[in-house]
Amino acid sequence: MTVPMTTFQTIDDLESGQRVLVRIDINAPVEDGVVQDNRRFERHADTIAELLEADHAVAILAHQGRPGRDTFVSLEQHADILGDHLEQDVGFVADTFGEDALAAVSALEGGEALVLENARMCDEELPEEDPDVKAKTAFVQTLAPEFDAYINDAYSAAHRSHASLVGFPQVMNAYAGRVMEAEYTANSAIQEREFDGPVTMVLGGTKAEDLIPVIEQVDDTVDRFCLGGIVGELFLRADGHDVGYDVDGTDFFDQQWEDHQETLERVLSEYGDRLHLASDLAYEGTEGERAEEPVVAIEKETSYLDIGSDTAEEYADLVADSDAVFVKGALGVFEDDRFADGTVTVLSAIADTDCFSVIGGGDTSRSISMYGLEEADFGHVSVAGGAYVRALTGEGLVGVDVLEQDP
Ligand SMILES: Nc1ncnc2c1ncn2[C@@H]1O[C@H](COP(=O)(O)OP(=O)(O)O)[C@@H](O)[C@H]1O
Ligand SMILES: O=C(OP(=O)(O)O)[C@H](O)COP(=O)(O)O
């Protein structure tokens with residue numbers, strides 16, 4: 001792995017009493033419309049507390065979910081959760097750069113914090129475009145003059161070339177926040193480590209498009225990949241099994257299959273000897289119980305919600321025989337304890353060995369506290385998922401790279 005050298009200004013370089021626009025990543029699980037607190041809030045609250053202490057007026061930009069998903073909701077609840085961590089009121093305005101937002105920003109005083117509405121509700125935030133294009137958007141051009149400085153604390157979103165991440169640093173004095181600094185430093189140190197024994201990467205969760213390039217780009221650093229979750233099912237489908245279909249109104253598979261079928265099949269044929277796919281899967285039985293089925297026997301389209309127990313044991317054995325393990329994404333729907341077995345068995349195996357380990361992902365890292373595992377039993381628990389595995393390939397993160405540039 002090669003480590004890109006980055007030097008950016010941090011909040012140590014910022015004079016006190018400024019008007020600052022802070023990009024954080026509090027993208028969180030949403031259950032029945034209720035936003036779930038997780039370690040991203042706790043970590044970003046530390047950065048914000050430090051800024052408030054220095055008498056800055058702090059406006060906060062963030063995103064939640066993706067348009068069309070049921071996790072695509074307002075940031076109103078996020079402001080309350082941040083307020084709980086900070087033990088002070090955090091304002092919220094249901095607008096990002098229109099008149100209401102500008103009025104709320106101009107009323108903001110030193111020592112006060114205000115959350116602006118979900119940046120992805122602005123048309124110009126998405127899609128991914130060059131930083132110079134994002135810098136010219138009305139979103140960036142309207143908000144930037146209201147502030148003395150821009151602070152990016154959202155390492156976990158730094159692999160996205162979105163306006164709130166890459167547009168503002170092109171036109172403003174830009175600084176890295178404490179979470180950005182800490183994750184960048186930890187991940188750079190990880191990339192410099194050398195391992196004597198086998199290195200295993202456990203990949204799951206929902207975002208195949210982030211993980212397929214990683215399998216191709218980590219070259220010979222990773223000896224084997226253990227696949228589960230939606231990503232694992234897409235590879236099983238590429239391998240000719242009847243799984244990985246959207247059933248009962250889900251929207252995880254069909255679009256990703258359409259977009260990536262060829263790549264999935266190519267990666268499987270090129271890297272097949274390093275890819276471990278599930279040999280059994282779990283689903284909800286007719287009585288609501290956990291039921292399991294060997295992959296070779298699958299004939300019906302149903303929602304598979306976890307790897308099966310034989311697969312979990314196989315992955316746990318591979319982990320026990322590893323010198324380093326990198327995890328991104330859950331192997332099943334661990335939020336439901338009937339389908340947590342795959343994720344928890346593998347995480348427990350990692351915790352029980354003395355291998356070096358990194359557990360990443362906003363959702364996945366949450367399983368550690370949910371199932372009574374100790375953070376201290378892992379090398380590093382990252383609030384970043386896709387960004388940290390992309391960094392392991394040695395490729396820079398666009399949101400970090402732009403912090404290096406002068407406005
Ligand atoms: N088979 C599955 N079906 C539906 N959801 C799944 C499945 N396996 C894992 N998941 C979900 O994947 C989520 C984590 O995915 P993702 O957002 O990609 O990871 P992270 O946020 O940890 O980077 C978990 O919340 C889990 O419920
Ligand atoms: O949660 C995130 O990434 P992750 O799931 O890889 O940890 C980031 O907030 C990026 O969100 P996105 O993958 O919808 O662009």
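Residues take their numbers from the sequence shown, with the count starting at 1.
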Shortest non-hydrogen separation from [X] to [Y] and the atoms involved:
X	Y	result
E124	F97	OE1-CZ, 4.0 Å
A387	L397	O-CD2, 3.7 Å
K134	P127	NZ-O, 2.6 Å
Q256	L234	CB-CD1, 4.0 Å

Go through D259 and Q255 one step at a time and tell me if the side chain to side chain donor-acceptor pair (under 3.5 Å) criterion holds. CA-CA 6 Å; D259 294 345; Q255 191 61 50; 3.1 Å; yes

Please check if the side chain of [X] supplies one atom and the backbone of [Y] the other of a donor-acceptor pair under 3.5 Å.
X	Y	value
Y155	D25	no
N118	L75	no
Y315	L227	yes
Q170	G167	no
N152	A176	no
E292	D280	no

Polar contact flag, side-chain donor to acceptor under 3.5 angstrom, [X]-[Y]:
X	Y	value
E125	S164	yes
E117	S74	yes
H44	D153	yes
S16	D55	no
D37	H85	yes
N187	Q191	no

Tell me if the centroids of the rings in [X] and [Y] come within less than 6.0 Å of each other.
X	Y	answer
F235	F225	no
F92	H78	no
F8	Y184	yes

Should the pair F356 and F195 be assigned to parallel (<30°), tilted (30 to 60°) or perpendicular (>60°) ring geometry?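 It falls in the parallel class, under 30°.
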
Is [Y] close to [X] at the side-chain level, that is, under 4.5 Å between some pair of heavy atoms?
X	Y	answer
F139	T96	yes
H56	R19	no
V214	V222	no
V383	Y388	no
V402	P131	yes

Is it the case that atom CG in D89 sees more than 12 heavy atoms from other parts of the structure closer than 6.0 Å?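 Counting other residues, nucleotides and ligands, CG of D89 stays at 12 neighbours or fewer.
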
Reported [atom1]-to-[atom2] distance for the pair [X] and [Y], which is rounded to 0.5 angstrom:
X	Y	atom1	atom2	value
Q88	L82	CD	CG	10.5 Å
F339	L281	CZ	CG	11.5 Å
I359	S382	CD1	OG	10.0 Å
K136	E129	NZ	CD	11.0 Å
H276	T200	NE2	OG1	7.5 Å
S309	D341	OG	CG	6.0 Å

Considering only NZ, NE, NH1 and NH2 on the basic side and carboxylate oxygens on the acidic side, decide whether [X] and [Y] come within less than 4.0 Å.
X	Y	value
R366	E31	yes
R40	E183	no
R160	D210	yes
R39	E42	no

Would E50 and R178 satisfy salt bridge (Lys or Arg N to Asp or Glu O under 4.0 Å), going step by step from the backbone distance to the final call? CA-CA 9 Å; E50 193 177 331; R178 295 298 183 213; 2.7 Å; yes

Would you check, one step at a time, whether the test salt bridge (Lys or Arg N to Asp or Glu O under 4.0 Å) holds for E314 with R224? CA-CA 13 Å; E314 186 211 334; R224 57 225 181 176; over 6 Å; no

Run the side chain to side chain contact (heavy atoms under 4.5 Å, CB included) check on T142 and T137 step by step: do they pass? CA-CA 8 Å; T142 308; T137 58; over 6 Å; no

For a side chain to side chain contact (heavy atoms under 4.5 Å, CB included) check, start with the C-alpha distance between S348 and L373, then their side-chain angles and the critical distance, and finish with the verdict. CA-CA 7 Å; S348 303; L373 297 164; 3.8 Å; yes

Is R237 positioned over the aromatic face of Y245, cation under 6.0 angstrom from the ring centre and no more than 45 degrees off axis?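 Flagged: R237 positioned over aromatic ring of Y245.
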
Tell me whether the guanidinium CZ or amine NZ of R290 lies under 6.0 angstrom from the six-membered ring centre of Y283 and within 45° of its axis.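 Judged by the rule, R290 and Y283 form no cation-pi pair.
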
Name the one of I151, L86, V90 that satisfies side chain to side chain contact (heavy atoms under 4.5 Å, CB included) with I48?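 Of I151, L86, V90, side chain to side chain contact (heavy atoms under 4.5 Å, CB included) with I48 is met by L86 alone.
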
